[in-house]
2 protein chains.
Amino acid sequence: MVKASVNNSHTRDKIFKAATQVFEEKGFAGARMQEIADRAGINKALLHYYFRTKDQLFMAVFQVLLRKMFEKITAIFQADLSFREKIKLFLDQHIDFLIKNPNLPMFLLNEMSVNPAVNDGVRERLNYGGLRDLIYEKHAKELKGYGIRKSDMPQLMITIISMSIFPFAAREMIAVMMPQMHDNRKFNAFMEERKGFAADFIFSALKHRKK
Amino acid sequence: MVKASVNNSHTRDKIFKAATQVFEEKGFAGARMQEIADRAGINKALLHYYFRTKDQLFMAVFQVLLRKMFEKITAIFQADLSFREKIKLFLDQHIDFLIKNPNLPMFLLNEMSVNPAVNDGVRERLNYGGLRDLIYEKHAKELKGYGIRKSDMPQLMITIISMSIFPFAAREMIAVMMPQMHDNRKFNAFMEERKGFAADFIFSALKHRKK
DNA sequence: ATTCAGATTAACCAACTGGTCAAAATTAAA
DNA sequence: TTTAATTTTGACCAGTTGGTTAATCTGAAT
């Protein structure tokens, strides 16, 4: 068999998955290299053999996860659909995605907030200005019909995104107020219900908006 | 002069303020007792003299901040106003509050998420069921007119709360997409603008809602 | 079978971190 | 001024943590 070049990609993958788990659960400061090694079923020295430092390992994981999240958010808005259809599709797909990755929002938001330096590497790649212009120009008529000016786009986009992300980020706070939300199935059902609720809410708001 | 009883309350206060700062900035795992002592202008031993352990100090800070946040959220909904007026008042006051405490949302949400044990102490105090019933019964007519059933209340309340909290929690992510948001004044202006945007958005959605 | 680069490990280390302790300083009362 | 309690400090300690090193193992090519 041919060797997978430098580094055994199987081991590298085990490490990456373990690191993703631990960082997502505990955050950078709370994560322990020993625990990552344990979960990957390897020695701590081997961990450092594949990823020299904790920072390097973290950045590798962080960048992959951040891109994963942003791709999900932006991909839909590139499609050739009406704005209304896009919102519906976005909520459906993004909530599905987050049900499978429930810790992702809090992990990303917190790490970006606690250590803003992590954003330096990705800033160029995540160009919102382009997306906003694209969206606004593509849907100029529809949006103007709703009384949305270009300058309203940031408020609108953040409102839409928060509809799916916020409940996951705030899940524990929600569970404190509504104990039944500790049950995974009930929380997921709540998010399934939210697909429709949020879509209706947004459409109604847009249609009826003060101009 | 009379002694302030056991413990010098001035020193205690300095410690508490320093701890609040450091915990808010770095989170529990990232905070260092040495840094808290430094910022309070005291010795690390004295820190442990006032608060025996890091956990105790953290819980003291956490509980105060959590209560501060919840009081702001719930107080307004107890008042004797129409639901519509309450939403407007809530957005105005809560956004004002968060502009003065911009790190609070991320701190609370993250700590609750990373270490759910912190919630045990406050669970009883933060009874949402009571609040929800109170609100729904107080505004039954108005809400039914909007097509909101009692079972819709969780979705609605979370949507309203996220309008003010989410942009603060997601500030760094927002700033990655819209670099001008790094500027405090521009971000605060954005949140001032949001008071009106969110209120209009919610009212319009309610008025025009599918039933 | 030998070789040799790459993969894996056990043992180790220096720096950091939360926490302790005994002594010193401060304060208010006697 | 003396006394006794409280407050503050410098020095110290044990456990943890990220990271290193030298030795060993593995497996494919010679």
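Values in this document were obtained by computation on a predicted structure and should not be read as measured data. Protein chains get the first letters and strands the later ones, always in sequence-line order, with residue 1 at the start of each.
- Atoms CG (B/L57) and C1' (C/dG19) sit 13 Å apart, rounded to a whole Å.
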Got a list of protein N/O to nucleotides 18-23 of chain D N/O distances below 3.5 Å?
unit_1	atom_1	unit_2	atom_2	d
D/dG18	OP1	A/A31	O	3.3
D/dG18	OP1	A/K54	NZ	3.2
D/dG18	OP2	A/M33	N	3.1
D/dG18	N7	A/K44	NZ	2.9
D/dG19	OP2	A/K54	N	2.6
D/dG19	N7	A/K44	NZ	2.9
D/dG19	O6	A/K44	NZ	2.5

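- Listed by chain and residue number, nothing satisfies the salt bridge (charged side-chain N to carboxylate O under 4.0 Å, His left out) test with B/E85 (two or more places apart in sequence, or in another chain).
- The side chain of A/Y49 lies closest to C/dG6, out of C/dT9, C/dG6, D/dT8.
- Between B/T11 and D/dT7 there is no side-chain N or O to OP1 or OP2 distance below 4.0 Å.
- With hydrogens and angles disregarded, a donor-acceptor distance shorter than 3.5 Å links the side chain of A/K138 to the backbone of A/Q78.
- The aromatic rings of A/F166 and B/F166 lie perpendicular to each other, with more than 60° between the two planes, well past the 30° mark.
- Residues in residues 168-185 of chain A take part in no salt bridge (charged side-chain N to carboxylate O under 4.0 Å, His left out) pair, two or more places apart or across chains.
- Distance, B/I36 CD1 to C/dT17 C1': 12 Å, rounded to whole Å.
- Atom NE2 in A/H10 sits about 17 Å away from atom C1' in D/dG27, given to the nearest Å.
- Between the A/K86 side chain and the A/F77 main chain, a donor and an acceptor come within less than 3.5 Å of each other.
- Proximity note for A/Y50 (side chain, C-beta onward) versus C/dT8, D/dT9, D/dT8: the nearest is C/dT8.
- As rounded to whole Å, 15 Å separates atom C1' of D/dT8 from atom CG of B/D38.
- In this structure, the CD1 atom of A/I15 is 11 Å from the P atom of C/dA7, given to the nearest Å.
- For the pair A/K26 NZ and D/dT17 C1', the computed distance is 14 Å after rounding to whole Å.
- Remark: B/K54 qualifies as a cation-pi partner of B/F28 under the 6.0 Å distance and 45° angle criteria applied to the six-membered ring.
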